[in-house]
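Note that these values count all heavy atoms, side chains included, but never hydrogens, waters or copies made by symmetry.
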There are 2 protein chains.
Amino acid sequence: MPINLKQLSEYLGLSQTTVSRALNNYPEVSEETRQRVKQAAAAHHYRPNARASALATGRARAIGHIIPVDSSDWFNPIFAEFIAGASATYSRHGYELLLRMARADEEAATYTEIAARKSVDGVIVHAPRINDPRIPLLRQLRLPFVIHGRDTADQGDYAWIDINNRRAFFRATKLLLDLGHVDIALINGGEAFTFAARRRSGYLDALQEAGITADKQLMFAGDLTEGNGYQAATALLQRSQRPSAFLVSSYMGALGVRRAIHNAGLTMGKDISVIIHDDDLAYFHNSGDVPQFTATRSSVKEAGTLAAEMLLAMIDQPTAAVPTRLLEANLILGASTGPWVRP
Amino acid sequence: MPINLKQLSEYLGLSQTTVSRALNNYPEVSEETRQRVKQAAAAHHYRPNARASALATGRARAIGHIIPVDSSDWFNPIFAEFIAGASATYSRHGYELLLRMARADEEAATYTEIAARKSVDGVIVHAPRINDPRIPLLRQLRLPFVIHGRDTADQGDYAWIDINNRRAFFRATKLLLDLGHVDIALINGGEAFTFAARRRSGYLDALQEAGITADKQLMFAGDLTEGNGYQAATALLQRSQRPSAFLVSSYMGALGVRRAIHNAGLTMGKDISVIIHDDDLAYFHNSGDVPQFTATRSSVKEAGTLAAEMLLAMIDQPTAAVPTRLLEANLILGASTGPWVRP
DNA sequence: ATAGCCAACCAAAGCGCTTTTAAAATGATG
DNA sequence: CATCATTTTAAAAGCGCTTTGGTTGGCTAT
């Protein structure tokens, strides 16, 4: 059933060269022949063997996504959505997506291996950490890459796409301050991750600007699960001077915070205000006429699409300047915020 | 930096044949030579070019996962977790994982293409639907496959791994009946999917066995988002004869149900009982000393691991009987169930 | 009429491996 | 010491494609 180039060219009475060139739109083939070849190829469902053409061209036509497995517990849905965006772009350009999960201690070996085996033409780096060792490694391997997020340390030029986490959380904090809140808690992701570090910095800047001294006790950093959100919020709500507002770094974590608020006999949006960061994951659906949560929102799927496009462009034009892209998050007003009320 | 077989063999003063055989553990190489070769290969970070060896052997050493994109809205986290399990198995066996998202109308073309391009040695079929057309297609393409789930229609022999959805929901329903509940609602996934059809059938069987006539009004089927769970439960709780128990097909959906119960001023586990199906997704964490939800639990990650192992075995021994695997779900008692109480 | 040119095509090399086939070196046997 | 079996190494073919470097024949220009 599957037919190869040789058979196709014999069937057409042409050389493999001509058939290959006709299919790849090279100019030195007459239009008439090209049509004849393309029709025959379609009729016989001919598809060039991906391995053979990769070997011949030296291009794998594949992009690698190496998912750090340590963090994937709570990161998985975000990776999935990001990849959903990227995947469509790859298909459109005839690229494949190679997925691999790796623990932190396997990471270097994994990147080295896929580079040496020439399995991919480039990679997307997920969940960057502060002073991320993957950046120098990938440079050394000469493997084009785009980082989803940024390093905070100065590692020179590299391609990245990120949302303006600092600004988003600055604005969110400011909104809460404007509503009269003073004791604002931050339920953040693990601060080894750059996105979390940036969010905290936005939060701190807004507090400082308002002349408020940040209270370490009001800041939680860790995996953003429902359970962690619940526990962190429960503990905070039991304090003598409980916070009147929560800034939560993820929808999942916020569901736990919401549970804690209910359990404490309080009403979200009235007694306690909550702002979340919303990655716009389709299955979380923080939407409706009035969204459940006030949120800084930015589509991670769209980020995936853009990252893929950036990387493919880099592969096509290796000499061009490395692209970077900063996406602003929208601040969406929902039902979970309201003015400060005396406890 | 990257070195190839030819260079390595020249460096060692051996032929490419001998080096290749030494590395691939063929017997016709002296142990001494093999050690020398392996050390040199390690020292020079030699890795065989994946494309070249794939071309030479005719085996891609890659497995395809084609994710149906229509359902991925709420399915994504489950896919991600399943793949996390499968991925580790692939790495261990030196296989790659090729990921692709495809709409239903692109599905056939996608499978046909990756088969024709010889990009993969086999595929995992996700989210089977009733009378799934992918089964005959993959047979025709002679592409080994394992289905995560089963078709309900009789399509002859094929490899699958599934949890016993019928039994799980039969037992869950029976538990609620034993607790005195009669009006039991079912918040299910889209019933074009076989897992949902099987769960309903378990639910119906248990009701019938108890001599209870099922009420269509008490059954919801659709995407299992938090929002849908909330809406379905809210509507059901407003009925004159409201259900006293909910059977919910996913953790996400159950979070919405829980919200509806709270909003109605009721207490979950006291006024209303809830049993969920829990795919044991790490970031959902329905755990603790007493889990929040009573649940039928089965790890989807483990299913991914097993599915991958089954598929690799099929590829290694194409003549062996097609493997199937039925996993039983545990019924875990949590805090969300209690005896029926007069409303 | 002949040189020169161009459009259209083709043969063959090469990508980096694996594997078949063959040859050389070694050892055992009578 | 010749003979044969066995171990070790090598040459070369081939996987299916792309691409280099021609070749051909028809056409224009001199």
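- When only modelled atom types and interatomic distance are considered, Asn4(B) and Lys118(A) share no side-chain donor-acceptor pair under 3.5 Å.
- Ile124(B) is not listed as a side-chain neighbour of Ile83(B), based on a closest heavy-atom distance of 4.5 Å or more.
- Where Ala52(B) and Tyr26(B) each meet DNA chain C at their nearest nucleotide, the meeting point lying more 5' is that of Ala52(B).
- Summarising the geometry, the separation between CZ on Arg47(A) and P on dG16(D) is reported as 18 Å, rounded to the nearest angstrom.
- In this entry the distance linking CD of Glu31(A) with C1' of dA8(C) reads 13 Å, nearest Å.
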Set out, line by line, the N/O atom pairs under 3.5 Å between protein and nucleotides 25-28 of chain D.
none

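- The 12-atom threshold is exceeded at CZ of Arg34(B), counting heavy atoms of other residues, nucleotides or ligands nearer than 6.0 Å.
- Considering Leu138(A), Val322(A), Asp151(A) in turn, Asp151(A) is the only one that fulfils the side-chain contact (heavy atoms from CB on, under 4.5 Å) rule with Tyr158(A).
- In this structure a side-chain-to-backbone donor-acceptor pair under 3.5 Å is missing from Asp162(A) to Leu326(A).
- For Arg47(A), the CZ atom counts as loosely surrounded, since its 6.0 Å shell holds 12 or fewer non-hydrogen atoms of other residues, nucleotides or ligands.
- Smallest separation of non-hydrogen atoms from Ser119(B) and Ala50(A): OG-CB, 3.8 Å.
- In this structure Tyr26(B) satisfies the ring pair (Phe, Tyr, Trp, His ring centres under 6.0 Å) test with no other residue, sequence neighbours excluded.
- The stretch residues 16-24 of chain B touches DNA chain D through Thr17(B), Thr18(B), Arg21(B), each having a heavy atom under 4.0 angstrom from the strand.
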